[in-house]
Amino acid sequence: MKIYISYIFFFLLFPVITLSQISDSENNLNGIQKDTVSLSEQIDVTGFYNGINIADAPSNIYILNEKEINSRNGKNAGEIINSFPGVFIKSYGNQSLQSISINGLGAEQTVILINGVKINSVQNGQFDLSLIDKNNIKKIELMQNGYSALYGSDAVSGVVNIITLDNNSFKKYLNLKTEFGSYNTRKLSLSGNSNFNNLNFSLFISNSASDNNFDYYFDNGLERELKSREFAKYFSNEYSFSSSLILNNFNVKLSSSLLNSDREIPSIETGNQPVKTKQLDKNWNTILNLVYLTGKSKITSEFNFQNNLMNYTTLPVINSYYKNISVSNISKISLDFKNLSSTSGFEIKYSSLESNQLKPGIKRNTYSLFSVSEIIFHNLKFFPSLRYEYIDDLKKSVWIYKVGTNFKPFPKVNLNLKGNYGNNFAAPTFNALYWKQGGNPDLKPETSENLELGLYYSGSTLLDYKFNFSYLKINFKDRIIWIPQRNFIWSPFNIGESVADVFNLGLEISKNISDDFNFIAGVHFTSNKSIKKNKSGVDDNTYDKQLIYIPEQQIKANAGINYKSISLNFLYSNLGKRFSDQENLISLSPVNLLDANIQYTFSIFSVESEFKIEINNLTNTDYQIISGYPMPLRNYNLNLNLKYIY
């Protein structure tokens, strides 16, 4: 154990020692300077790479800024994130559970961050994206590959960072948004930002509700019957507050948010009377961030407290409750020179769970050490990273590494060649380990090896354009599979294996024709072959078959025209065939969806105003994302936004 600790500290200190040795000679390294780009192209909250842009990153990265988010349709984070290339949101109905799938893996293998802080539940490894209000989102970053070396457990397939409205602008404003739409949907949100000398603070409050009784078609075997969804009402609110104090080189930031949701959960549609089920969620998340800047270094310590409550009832049969508490600290030092930057530190996390469905006394302590570097050799960038993590309830330690490169072969051409390789892991959830009926305490972490190759090219001739291509291969082993036992109780085992081959191809174009007129358009294609590679017997008909609910192809496209104060946007998505059984005998038909919106901006005295009409499912398509869970036909939303800047 001593020799392992020695290796860890050597790795953590090596970048610091190296940086100090080269700092005196950095002016002799051919005058290389880092590229500068607009803030909308930078990863600025993930906390490991200092202001790196998407062209220079070692892997495929996508960003939606505030303007782009406003051009999309949707009410919550899940609906906005679904517009990202290669992302598949498993939706169980309008404003119902929304879980993410990237690169052929599930939500429990994808890390969700809010302002750089991981919010995945240790209970099930997931987070319901429908709970986050779109109106409180400033920016979203998607890192479309495994990053366990940076974020630890669960970052096998990708990382999503949701950046909320914050207090970095130091602008004083008050913003009121109202929304009305189909199914008696209504929403009201209020946000504001102000400051006093070096103290800044912001506030966000929202309230939304809907009868959610949308129409859909049901095939009863004789005809397609038009029905209305029952027991699908929802009510939710969100309260968020943040403040920051800047004193010379020292910055203190405190933020806290409370998400409340009271939803009826409609059951699978079988033609019979649905069962009335309710789910209550209360998620409280508080972050204290301390930053000290001196010279070329930055010292950060971030404390996070999460208290998540969930109550699920189908009376009189089921009445289950879950209380998840998580406390963590991430402390790190970042050093940034012309040709070398590094971030090293440690993470300590405590998690506990109380539930009438799981064993008592469930606790987990996780201890991590990590180091991430960016090294520049002329037009080649090298990204080594290493993480050591110990999980005490499993009594297991994990070494995780990732090595990436970014090569710009022609100094005057915006062409970047990318590549990275590394391993990732996902620790077993509390549900899998400690469920009273069939939990398996002998489970070990799921693991993967990820290889990515790609390129990013941008330029301007008649049009401004961006082109990207990537190929990703994921070998996923020790996958936790639930199988039935003799007593008809399902239990999890580390017997699953799969291989994913994912191709992403994207093109974005834009043009400012005049000061009053411009347009933007983009199209992205994803091919995903995620194949099951474990055999449960000699005649296993599920071997070498596509994993269930993983679309083989996806197309995401958007087009927007802006003329003076009017904007018109069209959003198209094609979701390829998905199999709903492991033998690939039953499939859901491909889905083609077209959404549109029109926005008009104007001023009333000193109030910046915007009126927006959203039309969803413009072609009135009858479809399902998950078998047995119908989605709404054509529907609309009206939005009014009033912003007073003082």
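- Annotation: salt bridge (charged side-chain N to carboxylate O under 4.0 Å, His left out) contacts involving residues 500-513, sequence neighbours excluded, comprise Lys473-Asp501.
- Taking Ser257 as the reference, Ser240, Asn285 meet the side-chain contact (heavy atoms from CB on, under 4.5 Å) condition, with sequence neighbours excluded.
- Ring geometry for Phe503 versus Tyr471: interplanar angle of 30 to 60°, hence tilted.
- The residue from Leu417, Asn416, Asn468 that alone fulfils the side-chain contact (heavy atoms from CB on, under 4.5 Å) condition with Leu455 is Leu417.
- Ring geometry, Tyr600 versus Phe602: the interplanar angle falls under 30°, so the pair is classed parallel (tilted spans 30 to 60°).
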task = For Asn53 and Asp56, run side-chain hydrogen bond (donor to acceptor under 3.5 Å, both in side chains): C-alpha distance rounded to whole Å, both residues' side-chain angles, the deciding distance at 0.1 Å, then the answer.
result = CA-CA 6 Å; Asn53 63 69; Asp56 291 337; 3.1 Å; yes

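- The side-chain hydrogen bond (donor to acceptor under 3.5 Å, both in side chains) pairs that include a residue from residues 554-568 are Asn518-Asn562, Asn562-Ser567, where partners are two or more places apart or lie in different chains.
- The backbone N or O of Asn73 sits nowhere less than 3.5 Å from a side-chain atom of Asp595 that would complete a donor-acceptor pair.
- The salt bridge (charged side-chain N to carboxylate O under 4.0 Å, His left out) search around Lys577 returns none, not counting sequence neighbours.
- Listed by chain and residue number, Ile205, Asn237, Leu258, Asn260 satisfy the side-chain contact (heavy atoms from CB on, under 4.5 Å) test with Tyr239 (two or more places apart in sequence, or in another chain).
- Scanning for salt bridge (charged side-chain N to carboxylate O under 4.0 Å, His left out) contacts around Lys529 gives Glu552, with sequence neighbours left out.
- Looking at residues two or more places apart in sequence or on another chain, you find a side-chain contact (heavy atoms from CB on, under 4.5 Å) between Ala559 and Ala521.
- With sequence neighbours excluded, no residue satisfies salt bridge (charged side-chain N to carboxylate O under 4.0 Å, His left out) with Asp211.
- In this view, Ala77 and Ile81, Ile132, Ile137, Ile162 satisfy the side-chain contact (heavy atoms from CB on, under 4.5 Å) rule, not counting sequence neighbours.
- For Asp262, the salt bridge (charged side-chain N to carboxylate O under 4.0 Å, His left out) partners are Lys278, not counting sequence neighbours.
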Under 3.5 Å, which donor-acceptor pairs do the side chains of residues 635-646 form with other protein atoms, sequence neighbours left out?
residue : atom : partner : partner atom : Å
Asn635  : OD1  : Asn616  : ND2          : 3.0
Asn635  : ND2  : Leu633  : O            : 2.9

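- Tyr62 and Phe84 have tilted rings, their planes meeting at an angle from 30° to 60° on a 0 to 90° scale.
- For residues 110-119, the pairs satisfying salt bridge (charged side-chain N to carboxylate O under 4.0 Å, His left out) are Lys118-Asp154, with sequence neighbours left out.
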